[in-house]
Structures are given as structure tokens and as C-alpha cells.
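As a basis for the values below, the full set of heavy atoms in this structure was taken, side chains included, without hydrogen atoms, waters or symmetry mates. By convention in this document, chain letters (A, B, ...) are assigned in the order of the sequence lines, proteins followed by strands, and residues within each chain are numbered from 1. Just so we're clear, the structure is a prediction, and the values are computed from it rather than from any experiment.
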2 protein chains.
Amino acid sequence: MRPKQRQLKIIDMLRRTGRVNVDELTTEFNASAETIRRDLSVLAHSGKIQKVHGGALLPSNQQGEGPFQQRMAENIAAKRIIAEKASKLISAGDTLLIDTGSTTLIFAEEIAAIKDLTVITNSAEIAKIIATVENNSTVFLLGGKYNSDNRQTLGAMLIAQLEQFHVQHTVLTVGSLNAQVGAADFNAEEAIVARAMLQRAKNSILLVDSSKFNSAGSFVVGKLEKFDQLVCDMEPDHVLKMALKEAKVALI
Amino acid sequence: MRPKQRQLKIIDMLRRTGRVNVDELTTEFNASAETIRRDLSVLAHSGKIQKVHGGALLPSNQQGEGPFQQRMAENIAAKRIIAEKASKLISAGDTLLIDTGSTTLIFAEEIAAIKDLTVITNSAEIAKIIATVENNSTVFLLGGKYNSDNRQTLGAMLIAQLEQFHVQHTVLTVGSLNAQVGAADFNAEEAIVARAMLQRAKNSILLVDSSKFNSAGSFVVGKLEKFDQLVCDMEPDHVLKMALKEAKVALI
DNA sequence: ATAAAAACTGTTTAAACGGTCAATAGTTTT
DNA sequence: AAAACTATTGACCGTTTAAACAGTTTTTAT
């Protein structure tokens, strides 16, 4: 394992747990304590972390409640790759609809630096991420029944509000993607919201990591034709790839 | 657990409660009293806290980080008293409208334990507090333009949503209160939202600490007659007291 | 005034740090 | 393909830090 990789992983662990210990990391990476300390020194020097005796913490400016979903999220590396690719599709001044999800959360971090955005979302966490950065962006938080698990709002009120918007991009994540049914979720209410968002945008971007391929959620968000761009971390299999081509979905 | 981390948590606890005790902290962190005292000494030396016998307090002139945190720190003790008194007015099963403010935030913490509430608010922070506790409560988060300073939503969209509700209690805080103009805010948009909330409830509760008496905000929320109950930490002066009696506002 | 609780001080032990250096792995040059 | 070079790693070891223990002093409350 290369130092860069380790250091990225260390940051991800930190974001999840809030602290890391040197000896934890030595067993995690099968490396000596000195190597770990060297990594921590590098990260500390560039301000990414804060070194303390025995390990490291998040720097004090982002200490406290980090993106909570990220803590429980799997596959962070893959999701970050996806989010980074997707962020290239967005330019300064764009208007976006973003739904709730661990991948869209990381996506929000990636685009937070882009200027003059207008972001409309039902995720309190995403709203916070975008609005906290000084970049002249505007955030609309959609109202509705509040769900503490994901810090998102849902329900009929939200659908009504969506009708007041028409935007350039809708950015969605879903629980499953396959050639026959298209994109589908495992939660009915989230699927309804996603479907509504899909209708309010000129361009629709779907973010999925490879673990979602060919599983089958029960609540359909939309067929493949409904989407314009699919961003993922790995090549889908042949069947799905052909189906995407058929549906004129750009693969990124 | 590392010293830095403990110290950060101690400050966090202080900001929430206004005071910490050494023995509380020893059980909290499973550390000896000396260790805690050392932490307190470090924090006191850097001016973050103020040591007293048995524990520590927030320093009298708190140099806060953000405007939000700063206002939270002012008068915490008074605000907690107010919030506790006000929480007695709420029963299980009630439906409430709550606006954004540092006092209502503490109020939300106090009522979080009450069961079967329905809470409607424009504060993402209050929504989180109520929804995180397991108490069978429902939270509606009102949508609108998101303001990162206070983690609240504002704007025309929000007013429209409010019309869909009619509740038992509206709980408000304002920036100023005096006999002539009544309750007023220093921010136009917040005042508009407060005024709209006031119209959607049978009973209206106003929370103000004594520092707000007889100052004058520019944006009127409502005359004294509009309110049913006023909760504060100290007796108002005679003029205001008579005016309240005249306006049939119960003083708590 | 006196007892109890809490704070301070110095000491001890174990763990963690940081610097140097030689060995190894990966990369580039010849 | 071999050689030279660079980056990375792990071990050694004196130094620093953290935390508990014990004894003493101060503060608080009765």
C-alpha cells in the first residue's frame, strides 16, 4: 500500500469516528508505528488533521458533528471517486436538485467549492454543507415530515414545493440499478421524491456505485431512458451496458 | 481518549449546560480527578473557560467562534430557566409551532422528552433535537431559503406552508420586548415568519430573557395583546408589568 | 470552629514521540 | 536488461508526555 492511499483512508476513518489512534492504524495497515506517525505528520502539516498524543483528531474548525451519514457509509473510496467525477459536470452558476443519500452527500462536499450555485435539496445535511462554505451559493431546503435517520424531509408537502422549481440538473442516488426495471429504491417515500425531482430538471444525473448494479429495489424511480448521465466507479456488465446505450444514457 | 478530545468535549458540554463539575467529568470520561483538573487548567489558561471550585463555567465575556455559537453562550443559565418553565406548559400529544432562536433551541431540548408531540419548525437544529429522541414525536421541517448562520429556513415559500397548519401552541422568541410596540425583532425576515406563526395557533407563548426588556427592535412581531403567555427569568419592571396585565398576558 | 470535599504539588510508571540510519521496494536512466 | 537513483519503510534509543498515586493545603459547608 502506498502512502497516499493510507493517508486518504486515514482521513476517511477520521471523518467517520472523529479520532484515530496510532496503534489502531498499525494493525489496520500492517505497518509500523513510525510509518503511521509519518503519515500523520504529513497530513497535519497540510492542515487536514490535527495531531495529538497517541493519534489524531479532526482539525478544530471541522470538529464536532461531521457528516453523520458518512460515518455509517460503506465504500467511501468508490463514492468519493463518483462524486468527484460528477462534480465536473457542474459549472458555476448552475441550479441543482439533489436528493438524500450517502453518495450525494459526498457529492455535495465536492461541489461546495463551486461558486454561485443554487441548490435545492431535502437533506438538512447537504444544505448545511453547501451553505457553510463562503461561495455566494443559495440553498433551498425543502419542507416536509422530518426523518431523523437521514436528516431528510419527505412527504406530500415536499412534492408540492417541488412544482415551484425547474432546474438544470437533478442529481440522484438510488438503491439499485438494472437493465429491466431501471433505477429503483428500497424505500417507497424516497422513491416518490426522487421521481418527482426527476421531472423538474432538464438534465438528470444518476450516481451509483458498482455494488448497486443488478440488485432489485421494489420502488421504481425511473427507467433508464429517464436519465441522461450515469456516473459510477466501475464498468457495468455487458447487459447493463448495452441497455444504457439503447437508452441513450452517457456513461461516465 | 486523548486530552485534546476530552477538552473539546468539555467545552461542548459547557456550551450546552453553562457549567460542568469535576466529578461529573470523571465518571463521564473514566479518568481521575487530577486528569480532569489538568484539562480544566489548560482550558482556563487559554481563556476558553473559567475555573471555579468544583468545576468550571463559561468565561464572562465569551469570545465565540460564530454568531450562532456566540448567542448560544450568552445568558445560558437564564435561558435554561425560561425553557424549563415553558416546558411545563406543554403536555404529551400537543402540537407546536416553534421558531428559530437560542432560547427556543434550549426549549426544544427540554420538551424533547415529552411523548407524542407534533412539532413544526423552521429550524433544522430543533428538528434534529426533537427527532433524535425516541418519543414517538413527529417533526415537520418547513422549507425555504436556507440560512447557514442559524440553520433556519426563511422566505415566502415558508409562509405559504404555514397556512396548512393550525396548532395548539406557538412558541416564539424575539429580540426585544417593550410596553409600547410589543415584541419586535432585529431581522425583517424572521419577524415576518414569527408574525405568520402567531396567526396559526390557539395559544401563543413568548420566551424572553430579561436582557430583552425595553430594547427596541425595528421589525414588529406583534403587540402584547397577541400573546397569551410570557415566560421570563426575572420580573419585568413596573411599566411593562402593568402593560402586560392590561393586555391580559399571563406572566410565568 | 471543624469536618468533608476539593484542589494543588511532586513523584512514578508506562506509553508515545522524533530523529537517525540502514535495508528494501519502486522508478528511472543507461 | 542492468544499474543507478529515489522514496519508503522499520528498528533503535534518548526524550517527552500522559495519567495515576500519595501527601498536603485550601475551600466550602455545617
Would you say A:Q152 and A:T100 are linked by a side-chain donor-acceptor pair, where the criterion is simply a distance under 3.5 Å? yes

Contact class for A:K51 vs. all strands (heavy atom < 4.0 Å): base, sugar-phosphate, or nothing? sugar-phosphate

Distance, rounded to the nearest Å, where B:R37 contributes CZ and D:dT26 contributes P: 15 Å

Quick one: pull up CD in B:Q7 and CD1 in B:I49 and give me the separation to the nearest 0.5 Å. 9.0 Å

Please give me the minimum heavy-atom distance between A:I114 and A:S87, naming the atom from each residue. CD1-O, 4.0 Å

Pair A:S137, A:K115: side-chain N/O donor-acceptor within cut-off below 3.5 Å: no

So B:S176 and B:F213, side chain to side chain contact (heavy atoms under 4.5 Å, CB included) or not? Walk me through it. CA-CA 6 Å; B:S176 75; B:F213 290 157; over 6 Å; no

Length of the line joining A:D23:CG and C:dA15:C1', which is rounded to integer Å: 10 Å

Through what angle, rounded to 10 degrees, does the axis of the helix from C:dA1-D:dT30 to C:dT30-D:dA1 turn between its ends, using five pairs per end? 40°

Indicate whether the side chain of B:S102 and that of B:K79 have a donor and an acceptor atom separated by less than 3.5 Å. yes

Touch check for A:V52, heavy atoms < 4.0 angstrom, all strands: base, sugar-phosphate only, or nothing? sugar-phosphate

Whole-Å distance between D:dT9 C1' and A:I36 CD1? 11 Å

Main chain of B:D99, side chain of B:T104: is a donor-acceptor contact present, judged purely on distance under 3.5 Å? yes

Using whole Å, report how far CG of B:N21 lies from P of D:dT27. 19 Å

Between P on D:dA7 and CD on A:Q7, what's the gap in Å once rounded to a whole number? 15 Å

A:D39: which of A:K48, A:R6, A:K51, A:K9 passes salt bridge (Lys or Arg N to Asp or Glu O under 4.0 Å): A:R6

Give the minimum heavy-atom separation between B:V208 and B:I82, together with the two atoms involved. O-CD1, 3.3 Å

When every nucleotide of nucleotides 10-23 of chain D is labelled 5' to 3' by its protein contacts under 4.0 Å (heavy atoms), B for base, S for sugar-phosphate only, - for none, what sequence of letters results? BBB----SSBBBB-

A:L40 CG to C:dG18 C1': how many Å, rounded? 13 Å

